[in-house]
Amino acid sequence: MRAVVLTVSDRSAAGERPDASGPLAEEVLTAHGFDVTREVVPDDADAITDVLRRAADAGVKLVITTGGTGLAPRDVTPEATLAVLDRRADGISELIRRSGTVPTAALSRGVAGISRQTLIINLPGSTGAVRDGMAALEPILMHAVDQLAGYDH
């Protein structure tokens, strides 16, 4: 099963800082049997939507984004994600915000939903938020992907 981890970061895309959050998400997904491809793009809506659309067009089952979900002017990941979603899955984003172990988890505007047969989930960019978010997703992730594929409950 294919998955994409998309890190949204101006500094990582420019090579000024290594991507620390993407590898954490990849590690969890790999442990669950996903074949993971990682990409890094700047905080740019067109770059983000391009990766998301390509993943959905290619039949990728899951895309996890990290970064760009906060309140800063360049944080545009939720808007870029909404532009490609066919259906929202608000309960997933609510779960992720509730799973945060720091008060600033409430500042994430991340969304989740479906584009074609691809589940797309936004996580904040900090390593702590990715750890918390992936831990919250682990119990439901395979069931969600199975449901998208049309398997019974």
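A distance of 3.5 Å separates OG1 of T77 from CD1 of I48, quoted to the nearest 0.5 Å. Rounded to the nearest 0.5 angstrom, D75 CG and D43 CG are separated by 6.0 Å. Residue L85 holds its CG atom at 9.5 Å from CG of L119, rounded to the nearest 0.5 Å. The structure places CZ of R87 at 10.5 Å from OG of S115, a figure rounded to the nearest 0.5 Å. One finds the CG atom of L137 at 8.5 Å from the CG atom of L62 (value rounded to the nearest 0.5 Å). In this structure, CD on E26 lies 11.5 Å from OG1 on T66, to the nearest 0.5 angstrom.
T118 places a side-chain N or O within 3.5 Å of a backbone atom of V60 that can act as its donor or acceptor partner. Judged by distance alone, the side chain of R97 and the main-chain N or O of S108 form a donor-acceptor pair under 3.5 Å. Between the R11 side chain and the R17 main chain, no donor and acceptor come within less than 3.5 Å of each other. The main-chain N or O of A129 is found under 3.5 Å from a side-chain atom of S126 such that the two form a donor-acceptor pair.
Using a 4.5 Å cut-off on side-chain heavy atoms (C-beta onward), M1 and D35 make no contact. In this structure, D57 and R116 have side chains that are in contact, with non-hydrogen atoms separated by less than 4.5 Å. Proximity of T49 to T81: side-chain heavy atoms (C-beta onward) are nowhere separated by under 4.5 Å. In this structure, L123 and M134 have side chains that are in contact, with non-hydrogen atoms separated by less than 4.5 Å. Counting heavy atoms from C-beta outward, R131 and V28 have side chains that stay 4.5 Å or more apart. No side-chain heavy atom of D50 sits less than 4.5 Å from a side-chain heavy atom of D46.
Linking ILVMFWY side-chain heavy atoms closer than 4.5 Å, directly or via other members, places V51 and I120 in a single hydrophobic cluster. In the hydrophobic cluster analysis, where Ile, Leu, Val, Met, Phe, Trp and Tyr join through side-chain heavy atoms closer than 4.5 angstrom, M142 is grouped apart from V4. In the hydrophobic clustering of ILVMFWY residues, with side-chain heavy atoms under 4.5 Å counting as a link, L6 and I64 come out apart. Under the 4.5 Å side-chain heavy-atom criterion for grouping Ile, Leu, Val, Met, Phe, Trp and Tyr, I140 is connected to V145 within one hydrophobic cluster. Connection of F34 to L24 is established within a shared hydrophobic cluster, with ILVMFWY side chains joined at heavy-atom distances below 4.5 Å, either directly or through further cluster members.
Checked for salt-bridge contact, E39 and R54 meet the test: a charged N lies under 4.0 Å from a carboxylate O. Between D19 and R38, at least one side-chain N (NZ, or NE/NH1/NH2) sits under 4.0 Å from a carboxylate O, which counts as a salt bridge. A salt bridge does not link D44 to R74: none of the charged nitrogens lies less than 4.0 Å from a carboxylate oxygen.
Closest heavy-atom contact between V41 and A13: C-CB, 3.6 Å. Pairing each heavy atom of V130 with each of A25, the nearest pair is CG1-N, 3.9 Å. Listed here is the closest heavy atom pair of A136 and S99: CB-CB, 3.5 Å.
Checked by atom type, the side-chain pair N122/T69 shows no donor-acceptor distance below 3.5 Å. Using modelled atom types, one finds a donor on one side chain and an acceptor on the other under 3.5 Å when comparing D132 with T101.
The environment of CD in E79 is crowded: more than 12 heavy-atom neighbours from other residues, nucleotides or ligands sit within 6.0 Å.
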Q: Apply side chain to side chain contact (heavy atoms under 4.5 Å, CB included) to the pair E138 and H32, showing each step before the final yes or no.
A: CA-CA 9 Å; E138 276 191 275; H32 285 278; 2.8 Å; yes
Q: Let me see the working for L29 and L141 under side chain to side chain contact (heavy atoms under 4.5 Å, CB included), right down to the final yes or no.
A: CA-CA 9 Å; L29 296 178; L141 202 52; 3.6 Å; yes
Q: Step by step, work out the side-chain hydrogen bond (donor to acceptor under 3.5 Å, both in side chains) result for S12 and T7.
A: CA-CA 8 Å; S12 293; T7 298; over 6 Å; no
(Q) What verdict does the side chain to side chain contact (heavy atoms under 4.5 Å, CB included) test give for I121 and V63, after you've listed the backbone C-alpha separation in whole Å, the side-chain angles of each residue and the deciding distance to 0.1 Å? (A) CA-CA 6 Å; I121 302 171; V63 177; over 6 Å; no
Q: Report the C-alpha separation of L95 and I92 in whole Å, then their side-chain angles, then the decisive distance to 0.1 Å, and conclude whether the side chain to side chain contact (heavy atoms under 4.5 Å, CB included) test is met.
A: CA-CA 5 Å; L95 172 69; I92 294 174; 5.6 Å; no
